[in-house]
Every structure is written in structure tokens, then in C-alpha cells.
Amino acid sequence: MIKMDFTGASDIEKILDNLPLKMQAKILKAINVEGAKIVQKEIIRSAPSGSEIPESIILVGDKENTTGVYVTPDGRTAYYVRWLEYGTVKRQTDKKFNRGVMNPQPFVKSAIDRSTPQALEYITKNYAELVNKYLTKEVKTINRKNKKNGL
């Protein structure tokens, strides 16, 4: 898991501190998703062509940390991605038949290493814009609900 800390956004942090905790969590989740999309695109770009792997790389919310996001292969290909990334050991049956070995063809770790600085730079440079984008969306939703309820 990649942990990110931001500095230089003290004014925005003060604004966020005055918002309800639920809204703060939604804003942080939206920002994390934007950063995770950069990592996701790089993993997809690095994935071996001719396989189902590029289509299976998805974003998944963290169950324990509501603002966290994982970039992961879906259940259909997760086992295969692991075999490609780390390889397999020599396997033999009880009758001594060789089941072969897969040499590692790592692409996930290198894609993460390449894209993490890009994601951090994007989030750092666009932090205020991302917060504003989310708040604008939230205000429109509130206005729509108020209009619907006759307020």
C-alpha cells in the first residue's frame, strides 16, 4: 500500500477541517481515486499484451479505511498476475512428472514505482482543484435535493 502525505496545502486543510467528517472523507476518497487512476493506467500500459490482464485491473475501495483505494486485478486474473509477477517453483507430481516452471515477468511493481511520483505530483499540484471540483459537485447535489423537496 502506498501512503501519501501532503504539505503546502494548509489553507485547504483549514477549509476541510470546518466541513463535516463525512464530507471530508468523501473529498479525500475522491482525491485518492484520482491518484490511483494514474497508477492503474500505468499498470494497464505495462501489462502483457494479448491477455485479459489489462481489462482486469480495477480500483477497489478499502474496507477498513473509507478514504483508501486499491489498484488490483479482479478475481478472475489475480492468481495469474501473481504467477507472472513472482514466477513459480518447479512442480512435480507424485509420479515425478514435471509440471514446469514460470519465470517471473514482473510488471506491477515496476509500474507502481514509475507512476507513484506522477500520482503524487498530480495530486499535489491539483489538490485545490480536486477539492473544488468535489465541493462544486456536492453543492449541485444539495441544490438538486433542495429543489426537489421544495426548499
Side-chain angles (χ1 to χ4, degrees), residues 1-17 19-141:
M1 183 186 314
I2 301 168
K3 300 263 184 197
M4 297 184 245
D5 292 323
F6 302 102
T7 58
S10 59
D11 293 336
I12 296 170
E13 289 175 13
K14 288 177 189 174
I15 293 169
L16 287 177
D17 286 342
L19 295 173
L21 289 177
K22 189 174 180 180
M23 189 175 284
Q24 288 180 34
K26 286 182 179 182
I27 291 170
L28 290 174
K29 175 97 176 214
I31 290 169
N32 288 338
V33 166
E34 292 298 319
K37 284 179 183 178
I38 294 170
V39 176
Q40 178 188 30
K41 286 177 186 173
E42 184 62 27
I43 292 173
I44 289 170
R45 191 185 70 69
S46 301
S49 58
S51 68
E52 293 180 17
I53 293 172
E55 297 86 32
S56 72
I57 305 298
I58 58 174
L59 300 179
V60 178
D62 188 347
K63 293 178 183 176
E64 293 177 16
N65 176 1
T66 58
T67 62
V69 181
Y70 289 108
V71 179
T72 182
D74 65 16
R76 298 175 300 130
T77 59
Y79 69 95
Y80 183 61
V81 170
R82 183 176 182 275
W83 290 344
L84 281 175
E85 189 73 13
Y86 300 108
T88 62
V89 295
K90 186 175 179 182
R91 299 164 290 163
Q92 279 187 344
T93 65
D94 292 337
K95 295 181 181 181
K96 305 296 182 203
F97 290 107
N98 186 1
R99 295 293 183 214
V101 64
M102 284 181 69
N103 293 323
Q105 301 173 20
F107 67 96
V108 175
K109 184 176 180 345
S110 60
I112 290 171
D113 290 343
R114 282 191 309 272
S115 61
T116 300
Q118 295 168 358
L120 286 171
E121 181 181 348
Y122 175 81
I123 291 171
T124 304
K125 285 184 177 179
N126 298 299
Y127 190 78
E129 184 182 321
L130 293 169
V131 170
N132 187 39
K133 178 180 166 183
Y134 182 80
L135 288 175
T136 303
K137 180 179 165 184
E138 201 61 29
V139 167
K140 285 180 182 179
T141 303

On a heavy-atom basis, which atom in Val71 and which in Ala36 lie closest, and how many Å separate them?
CG2-O, 3.6 Å
Do Val89 and Val101 have side chains that approach each other closer than 4.5 Å (heavy atoms only, starting at C-beta)?
no
Test of understanding: with salt bridge (Lys or Arg N to Asp or Glu O under 4.0 Å), list the residues that count as partners of Arg114, not counting sequence neighbours.
Glu42
How would you list, by chain and number, every residue that makes a salt bridge (Lys or Arg N to Asp or Glu O under 4.0 Å) with Glu55, sequence neighbours excluded?
none
Do the side chain of Asn132 and the main chain of Ala128 share a donor and acceptor less than 3.5 angstrom apart?
no
Interatomic distance, Lys125 atom NZ to Leu120 atom CG [nearest 0.5 angstrom]:
12.5 Å
With no hydrogens and no angle check, is any side-chain donor or acceptor of Glu34 less than 3.5 Å from a backbone partner on Ile123?
no
The side chain to side chain donor-acceptor pair (under 3.5 Å) partners of Asp94 (sequence neighbours excluded) come to none
Can you pull out every ring-ring contact (aromatic ring centres under 6.0 Å, His included) where at least one residue sits in residues 82-121? Sequence neighbours excluded, please.
Tyr79-Trp83
Here the gap from Ile53 atom CD1 to Ser46 atom OG, rounded to the nearest 0.5 Å, amounts to 11.5 Å
Thr66 and Ala25: which non-hydrogen atoms are nearest, and at how many Å?
OG1-CB, 4.3 Å
What's the spacing between Ile44 CD1 and Lys37 NZ if we round to 0.5 Å?
11.5 Å
CD-CZ distance between Glu52 and Arg76, expressed to the nearest 0.5 angstrom:
5.0 Å
For Lys63, the salt bridge (Lys or Arg N to Asp or Glu O under 4.0 Å) test, sequence neighbours excluded, returns none
So, for Gln40 and Ile57, which heavy atoms are closest and what is the spacing to 0.1 Å?
NE2-O, 2.8 Å
Nearest heavy atoms of Ala78 and Pro73, plus distance in Å:
CA-CG, 3.8 Å
Are the side chain of Thr88 and the backbone N or O of Met102 linked by a donor-acceptor pair below 3.5 Å?
yes
Set of salt bridge (Lys or Arg N to Asp or Glu O under 4.0 Å) partners for Glu85, sequence neighbours left out
none
A side-chain contact here means heavy atoms from C-beta on lying under 4.5 Å apart; do Asp113 and Thr116 qualify?
no
How far apart are the closest heavy atoms of Gly68 and Lys29, and which atoms are they?
O-NZ, 3.8 Å
Please report the shortest heavy-atom distance between Pro48 and Leu84, naming the atom on each side.
CG-CD1, 3.8 Å
Between the side chain of Asn32 and the main-chain N/O of Val69, is any donor-acceptor distance below 3.5 Å?
no
Atom pair NZ/CG of Lys133 and Asn126 - distance to nearest 0.5 Å
9.5 Å
Side chain of Arg91, backbone of Arg99: donor and acceptor closer than 3.5 Å?
yes
Would you compute the distance between atom CD1 of Ile58 and atom OG of Ser56 and round it to the nearest 0.5 angstrom?
8.0 Å
